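Since we're looking at a predicted model, the values are computed, not measured. In what follows, every heavy atom counts, from backbone to side chain, and hydrogens, waters and symmetry copies are set aside.
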Amino acid sequence: MGYSDLQEFIKSVVPDDVLVQRPLNIAPQEGYTESEMLEHLGKIAGKNKIVKSLIGKGYYGTILPPVIQRNLVENPGWYTSYTPYQPEVSQGRLESLLNFQTIIADLTGLPIANASLLDEGTAAAEAMSMSFAGLKNKKTKYFVDSKLHEQTISVLQGRAKTLGIEVVITDLGTNEGKQLLKNNKQDLCGAIIQYPATDGSIGSIKGFIEISEIVHAQKGLFSVASDLLALTLLHAPKQFGADIVLGSSQRFGVPLGYGGPHAAFFAVKESLQRKMPGRLVGVSKDRLGDRALRLSLQTREQHIKREKATSNICTAQALLANIASNYVVYHGKNGLRDIANRIFGITSLLAKSIESNSQHSILNKNWFDTIGIKLKGISADELLKQALEKYEINLLKVNETTVQLSIDETVTKQDLINLIELFTLEKMTLEDISSLPKFYEEWTRKDEFLTNPVFTTYHSETAMLRYLHKLQEKDISLVNSMIPLGSCTMKLNSTVEMIPLTWKGFNNLHPFAPLEQTKGYQQLIDELEKDLANITGFDATTLQPNSGAQGEYTGLSVIKKYFEAKGEAHRNICLIPVSAHGTNPASAAISGLKVVPVKCLSDGSLDLDDLKLKAEKYKENLAAVMITYPSTYGLFEPQIRDAIKIIHDNGGQVYMDGANMNAQVGLTSPGDLGADVCHLNLHKTFAIPHGGGGPGVGPICVRKHLQEHLPSHLFLQNRGTTSGNTYSNINAVASAPFGSASILPISYAYIKMMGGKNLPYSSVIAILNANFMMTRLKEHYTVLFVDANASSNSGKKHCGHEFIIDLRPFKSVGIEAIDVAKRLQDYGFHAPTMAFPVPGTLMIEPTESENFEELNRFIDAMISIRKEIENVEKGKNNGDLLHNAPHNLKDIISTPEKDWAHRGYSREEAAYPLPYLKDYKRWPTVARVNDTYGDMNLLCTCPSVEEVAAAERNI
């Protein structure tokens with residue numbers, strides 16, 4: 001690079017008034033060693049008291065099959081892969097997610113299900129948004145059954161405030177509730193119920209049909225929050241007219257994890273498939289005519305619509321959906337029903353014993369796994385104390401005289417004996433437990449489900465092990481090579497950081513467990529909040545948002561609430577550069593803000609004149625600006641402080657998108673630059689793995705004047721907070737008080753092993769790696785938006801932590817960016833970010849994790865591809881080598897010589913363009929996927945044997 005040391009280099013890249021290099025107050029300054037970190041985390045986990053929590057409320061104990069734990073959860077081949085935007089090297093995850101969609105469609109009875117959402121509460125909010133947005137003449141009342149989980153109601157209320165929806169909470173199971181629906185039919189956009197209800201009752205099919213008919217008569221949408229395990233026994237919600245069915249797949253093998261991450265599910269009737277939020281895996285075919293899977297275009301990332309989007313969902317919970325999916329593959333229909341019947345049977349024996357042998361009474365007339373008990377002769381507090389001290393069981397206090405409990409897969413016969421003794425004072429033995437009652441005949445579903453061969457084949461551990469390995473082998477992950485995605489920061493997720501995730505001390509706590517049982521989590525969360533606030537230069541942090549998009553929504557909602565508290569609720573304008581991530585305008589829209597775009601200059605930097613013009617024009621109503629820094633183009637814009645001052649001078653707040661924080665840590669920060677709030681992507685900058693498209697964590701950090709408006713949570717309000725902050729004002733933005741808490745130890749360990757002194761080194765090396773790659777590649781490709789730093793005497797061109805190569809000049813010879821992206825798969829690499837932020841380009845980000853040899857291997861691949869393009873430019877061939885990429889084994893081996901001869905290149909050129917590939921190569925398992933065919937022939941569940949045969953005949 002031509003520099004004598006790193007400090008000289010970094011000063012030439014980062015502008016003088018941006019480069020702060022404030023010492024980070026993070027202990028230990030030198031960082032823990034790996035062995036010290038494991039010992040330290042072990043002590044923290046040991047402070048959490050692990051008991052059997054029968055609290056329920058959407059969170060249940062479950063048993064993760066060890067074959068799935070070892071070969072999926074703990075396997076970097078599964079957890080380090082990226083979202084399957086390059087389908088040819090993502091067929092394993094896509095197949096597993098297609099299985100997930102099929103499971104959801106089968107159990108709910110609805111034909112279309114997506115590949116997961118963030119959690120149950122936010123999935124319900126998406127259903128409400130769909131109901132509201134789907135009506136041309138906006139009807140503003142959304143009816144919520146009072147027996148919905150309380151945390152879901154809170155999330156709904158928060159989202160409703162930003163969208164201008166009135167949430168009406170009533171007991172829809174009563175005649176009064178249904179009459180209220182009828183009386184408000186002119187304003188009704190939809191309704192939602194819980195099935196089974198939060199109190200355990202199943203409800204009435206006849207009553208549900210009545211609700212459905214009232215809602216449908218007004219062209220509204222009827223949504224049902226449900227339980228997948230219960231649906232293996234209960235009638236599918238389709239039977240009573242559900243338009244949308246949602247919930248959590250957590251109890252399909254995903255640990256409690258103090259609240260997450262857990263994959264929500266979301267299924268819709270066919271007419272809603274193109275309005276559904278989230279990702280949808282579909283079946284298509286490849287260039288050779290073989291079946292191939294892909295993300296279907298019409299529901300992939302609504303933020304392409306920018307401010308017209310009805311959802312800002314960008315990520316999902318792919319890894320967690322894959323756990324749940326393979327739990328079902330392993331158990332099959334009969335195994336799931338055995339588990340569900342056992343849960344029902346234990347619940348029924350307990351209820352019968354309480355009714356027969358105590359003065360207490362059971363409140364619900366029917367149930368699947370949950371009963372409410374009206375106590376007599378003892379208070380709820382005293383009973384909960386006895387349950388905990390004598391049997392190490394958590395129950396749920398409903399009020400002073402009522403408790404509730406939910407039986408789950410982990411409950412043993414001995415637990416049942418203990419519960420019977422707790423409520424009846426009768427001592428029993430294992431021999432006293434009779435056969436378990438069968439499920440209610442009138443409630444038992446009779447239709448077939450989970451009939452596809454994938455759900456009937458892999459029930460031995462050997463078969464399951466090989467199936468998981470087969471799927472893994474179809475994908476590229478960080479196990480195979482670097483994934484040089486600009487804006488996505490695919491960095492190392494170190495083994496030490498990942499090990500604690502499967503410790504019971506972290507993954508077996510209920511999110512609503514008493515705080516005295518969660519002292520380890522309280523310490524970890526408190527320290528992580530403070531460290532993130534220090535790194536960003538702010539005063540307070542909330543870890544509740546469980547994705548980057550949720551962080552954006554949360555930050556903007558906090559800003560809105562701040563202005564409301566000041567009596568300036570009229571401030572509703574959000575300025576967003578045209579170069580911003582598509583989630584920015586989508587988040588602004590669902591936060592109730594009006595988006596005004598701001599221009600960028602030809603060099604990719606923010607147009608300060610246009611920013612000033614817009615800020616002054618909308619001064620009276622200006623709420624915020626959303627700025628990504630370094631910019632979406634990978635630039636440290638020197639005028640960032642000027643931009644922030646313009647907004648503040650005109651009364652607005654500055655929201656900084658933290659997607660590119662990996663280039664800032666220890667060098668500068670949003671707070672040091674003058675911003676008011678930022679979100680962070682812990683799955684980017686702070687080492688949480690992408691998991692094939694989730695999990696993620698998107699906390700926000702704020703200045704002191706915004707602190708009091710951070711999201712609340714019913715759990716925190718009722719029991720205090722862990723960090724001393726008084727969260728108030730905006731409602732919860734996630735179901736659990738600390739979002740995806742069980743993966744927070746990853747970021748905690750990353751920060752603590754680096755230490756305050758060494759964290760800046762990570763950013764420096766990330767920037768150095770990017771500039772090194774750019775320096776080598778700029779001799780072969782045009783690099784966009786690099787600029788000489790005005791303060792540098794070297795006159796050298798630099799990028800930030802990522803850079804953009806322009807492939808548009810090659811269109812003149814018929815070569816597009818997608819051809820280069822697909823050809824990279826033949827070299828064993830996942831393509832960089834394609835067509836963002838500029839169509840026809842690739843954006844490359846190496847991160848600090850990759851060693852020198854890997855950087856050069858990727859560079860050599862890109863240079864080799866440039867030579868292939870040069871051959872096209874010189875007329876030596878017509879570009880088929882790139883147009884046909886990627887080449888899978890079937891293409892190389894099975895294509896007849898007479899058909900291959902006209903291609904103008906050899907099989908070896910196709911398969912082994914560089915020598916290193918002969919030592920090891922990850923092959924794409926399908927040829928180039930036909931996206932158009934998939935969109936025109938939408939199929940989003942596992943095809944039956946007959947459908948596959950028919951498709952093959954058609955091909």
Side-chain angles (χ1 to χ4, degrees), residues 1-24 29-31 482 484 486-487 489-492 535 537 603-605 628-641 660-670 672-673 684-685 754-805 832 843-859 862:
M1 293 295 298
Y3 293 96
S4 60
D5 60 55
L6 284 175
Q7 187 65 20
E8 178 191 357
F9 163 71
I10 211 67
K11 282 185 174 180
S12 70
V13 176
V14 185
D16 285 342
D17 64 343
V18 172
L19 186 63
V20 177
Q21 294 187 292
R22 165 179 51 85
L24 299 178
Q29 275 291 299
E30 295 288 346
M482 70 182 294
S487 192
T489 314
M490 295 293 292
K491 69 198 294 178
L492 171 71
I535 288 168
D603 65 357
S605 61
T628 299
Y629 200 78
S631 76
T632 307
Y633 297 122
L635 300 175
F636 282 97
E637 297 184 30
Q639 69 271 34
I640 183 65
R641 290 184 186 272
N660 294 337
M661 190 69 196
N662 202 46
Q664 288 192 50
V665 177
L667 304 180
T668 186
S669 77
D672 290 318
L673 293 174
K684 295 182 182 181
T685 303
M754 294 291 285
K757 184 178 178 181
N758 301 311
L759 273 167
Y761 185 71
S762 174
S763 295
V764 169
I765 298 302
I767 295 169
L768 178 65
N769 283 351
N771 277 274
F772 167 71
M773 294 182 78
M774 182 200 73
T775 299
R776 281 201 65 194
L777 287 174
K778 72 180 181 181
E779 302 300 322
H780 306 274
Y781 296 91
T782 299
V783 180
L784 296 181
F785 305 127
V786 291
D787 205 354
N789 186 342
S791 64
S792 171
N793 294 323
S794 68
K796 294 177 180 176
K797 301 286 187 177
H798 298 101
C799 62
H801 65 306
E802 59 191 2
F803 61 98
I804 301 170
I805 61 172
M843 183 160 63
I844 300 170
E845 179 183 353
T847 82
E848 72 279 8
S849 301
E850 300 301 340
N851 62 25
F852 198 59
E853 291 75 17
E854 186 69 0
L855 298 180
N856 279 314
R857 194 168 72 91
F858 179 80
I859 292 167
M862 289 297 296

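- Between the side chain of R641 and the main chain of D17, a donor-acceptor pair closer than 3.5 Å is present.
- No side-chain heavy atom of N769 sits under 4.5 Å from any side-chain heavy atom of T847.
- N660 places no side-chain N or O within 3.5 Å of a backbone atom of G634 that could act as its donor or acceptor partner.
- Here the straight-line distance linking atom OG of S849 with atom CG of N662 works out to 8.0 Å at 0.5 Å rounding.
- Side-chain contact between R776 and L855 is absent, with no heavy-atom pair separated by less than 4.5 Å.
- The local environment of CZ in F772 is crowded, with over 12 non-hydrogen atoms from other residues, nucleotides or ligands closer than 6.0 Å.
- Here the shortest heavy-atom pairing between P846 and A770 reads CG-N, 3.5 Å.
- Without hydrogens or angle criteria, T668 side chain to V18 main chain gives a donor-acceptor distance under 3.5 Å.
- Between the SG atom of C799 and the CG atom of L635 there is a distance of 8.5 Å, given to the nearest 0.5 Å.
- Taken to the nearest 0.5 Å, the CG atom of L784 stands 11.5 Å off from the CE atom of M774.
- Atom-to-atom distance recorded for I844:CD1 and I805:CD1 is 4.0 Å, nearest 0.5 angstrom.
- Of the possible donor and acceptor atoms, none in the side chain of E850 sits under 3.5 Å from a partner among the backbone N and O of A766.
- In this structure, V786 and K797 approach most closely via the heavy-atom pair CG2-CB, 4.0 Å.
- Under the side chain to side chain donor-acceptor pair (under 3.5 Å) criterion, E845 pairs with T489, sequence neighbours left out.
- Residues F803 and P832 have side chains not in contact (no heavy-atom distance under 4.5 Å, counting atoms from C-beta outward).
- K757 pairs by the side chain to side chain donor-acceptor pair (under 3.5 Å) definition with E30, not counting sequence neighbours.
- The shortest distance between side-chain heavy atoms of E853 and N856 does not fall below 4.5 Å.
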Query - Stepwise side chain to side chain contact (heavy atoms under 4.5 Å, CB included) test for I765 and L6 - result: CA-CA 9 Å; I765 298 302; L6 284 175; 4.2 Å; yes
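- The shortest distance between side-chain heavy atoms of F636 and Y629 falls below 4.5 Å.
- Scanning both residues, L667 and S763, for their nearest heavy atoms gives CD1-CB, 3.9 Å.
- Minimum interatomic distance between F9 and V764 (heavy atoms only, all atoms of both residues): CE2-O, 4.3 Å.
- Not one N or O on the side chain of E637 forms a donor-acceptor pair closer than 3.5 Å with the backbone of S631.
- Here the side chains of Q664 and T685 are not in contact, with every heavy-atom distance at 4.5 Å or above.
- Rounded to the nearest 0.5 angstrom, E802 CD and I767 CD1 are separated by 10.5 Å.
- Here the closest heavy-atom approach between residue N771 and residue T775 is recorded as O-OG1, 2.7 Å.
- The closest side-chain heavy-atom distance from P760 to Q21 is not below 4.5 Å.
- No donor-acceptor pair under 3.5 Å is formed between the side chain of Y3 and the backbone N or O of S12.
- For S762 against M754, the heavy-atom pair with the smallest separation is CB-CE, 3.7 Å.
- Residues E848 and K491 meet the side-chain proximity criterion, which asks for heavy atoms closer than 4.5 Å.
- For the atom pair S669 OG and I535 CD1, the distance stands at 10.0 Å (nearest 0.5 Å).
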